[in-house]
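In what follows, a single structure is set out as structure tokens and then discussed.
Predicted model, so just to flag it, every value in this text is computed and none were measured. Values below: all heavy atoms of this structure, side chains included; hydrogens, waters and symmetry mates excluded.
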Amino acid sequence: MVEFTVAGKRRGALLLLLGLMLILGGCASGGGTRVADGGGWVTVQRGDTLGKIANQAGIPLLRLQRFNPGVDSRRLAVGQRLMLPSQQERAPGGGPYRYQVRRGDSLYSIGRYFGANPQRVQAANKGIDPSQLEVGQLIHVPLNGGPSSSASRRTASAPAASRSLPDPGPLPSSASRWQWPLANYTVQRRFGRDSHGTLQPMMLSTATAAKAKATTSGQVRFASGMRQLGQVVILHHADNMQSVYAFCGKLLVSEGQSVSAGTPLCDIAPESDSSRYHLLFDLRHGGKPVDPARVLR
């Protein structure tokens, strides 16, 4: 867990933010099997078990387990994303898998997910241009020659906290040249670790009142108050990206609303002991913190 400080009064606020991101992790819709990405993923919610998810999705439990290597069925975490296999996919015990490309996939991320050597995945799919994968395309994933089964077991038995936010892989190509959330701003604090090694999100400030705007198109998944964070807006974007806008005053959007880049989200509030206005801006991929400098213009 990470935490941050603003004027010495908001220590621990990022714990609240991270907890909320765990609950809102992924881009799944609520209710039922909460399937996202064209039926390819499900986000674990409170009270879920692997058997319950398999039953809701109409998938044999063993099949669901094989498409989620490294997942410990006894230690599911809220916000964890599980792969739901399609009818076209196959997962024989020793491989090779027949896998259907999902949005944001690369041969590297596919190989890593199944514990296979990415070079062998590419060799098993001759004639396929790795830079031109298409959603729905079927590829073979050979498992022999990849990481050992003992390595897979070590992954499966890792503490739940380390798997609560699975590695989402490389940033998607869509995460590029997003606009900044404020028009006239000063970067008061950059994303990164402080002198104590604590990861700090980006903090922007302005000398006058301003509106925080959506950095790119998306859907409002949270718009309400949070203790120590003021009013907060969380947007979900394509390819499992999320952006967070905190220390807001008046909210200008509501949950479930679709927004485009530049849509005003909230009026940012002034610090009670300062003449400046602050906006905490947090960017995430699959719930994992991302340096905004990698994505913004």
Side-chain angles (χ1 to χ4, degrees), residues 1 18-105 109-116 135-136 138-143 146-169 221-222 236 239-240 242 284-288:
M1 288 291 187
L18 181 56
L20 183 61
M21 293 303 298
L22 283 171
I23 295 172
L24 298 178
C27 296
S29 58
T33 54
R34 293 98 54 200
V35 177
D37 296 345
W41 297 94
V42 64
T43 301
V44 175
Q45 296 186 2
R46 289 189 181 91
D48 276 346
T49 65
L50 208 60
K52 178 179 178 181
I53 292 172
N55 184 61
Q56 288 179 332
I59 298 172
L61 178 58
L62 178 60
R63 179 169 166 80
L64 182 63
Q65 289 173 321
R66 285 182 174 173
F67 271 93
N68 291 276
V71 171
D72 188 338
S73 61
R74 299 165 299 177
R75 298 179 178 178
L76 295 184
V78 172
Q80 188 174 2
R81 297 177 75 230
L82 302 180
M83 182 181 293
L84 296 180
S86 68
Q87 293 296 322
Q88 290 72 36
E89 293 175 304
R90 298 289 182 270
Y97 280 43
R98 186 167 72 182
Y99 175 80
Q100 193 166 24
V101 174
R102 289 158 170 78
R103 189 172 56 198
D105 275 345
S109 66
I110 295 168
R112 182 172 56 185
Y113 184 88
F114 288 108
V135 173
L138 291 173
I139 65 172
H140 296 286
V141 183
L143 299 186
S148 66
S149 58
S150 61
S152 297
R153 286 193 294 271
R154 285 197 299 272
T155 300
S157 60
S162 66
R163 295 192 320 279
S164 60
L165 290 174
D167 186 348
R221 293 294 295 273
F222 182 86
H236 277 209
D239 301 324
N240 203 17
Q242 301 96 27
R284 295 177 178 247
H285 178 215
K288 294 279 188 177

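The CD atom of Q45 sits 12.5 Å away from atom CG of L76, with the distance rounded to the nearest 0.5 Å. Interatomic distance, D48 CG to I53 CD1, rounded to the nearest 0.5 Å: 4.0 Å. A distance of 4.5 Å separates CG in L50 from CG in L64, rounded to the nearest 0.5 Å.
Between V42 and Q56, every side-chain heavy-atom pair lies at or beyond the 4.5 Å cut-off. The closest side-chain heavy-atom distance from H236 to Q242 is below 4.5 Å. For the pair N240 and R81, the minimum side-chain heavy-atom distance is below 4.5 Å. Considering only heavy atoms from C-beta on, K52 stays 4.5 Å or farther from N55 through its side chain.
The closest donor-acceptor contact from the side chain of N68 to the backbone of M83 lies under 3.5 Å. With hydrogens and angles disregarded, no donor-acceptor distance shorter than 3.5 Å links the side chain of R63 to the backbone of A91. In this structure a side-chain-to-backbone donor-acceptor pair under 3.5 Å is missing from Q100 to E89. Proximity of a side-chain donor or acceptor of Y97 to a complementary backbone N or O of F67 within less than 3.5 Å is not detected.
In terms of heavy-atom proximity, P142 sits nearest to A116 at O-CB, 3.3 Å. Taking both residues in full, the closest heavy atoms of R66 and F114 are given as O-CE2, 4.4 Å, listed atom of the first, atom of the second, then distance.
A distance of 6.0 Å or more separates the ring centres of Y113 and Y99.
The side chain to side chain contact (heavy atoms under 4.5 Å, CB included) search around Q87 returns none, not counting sequence neighbours.
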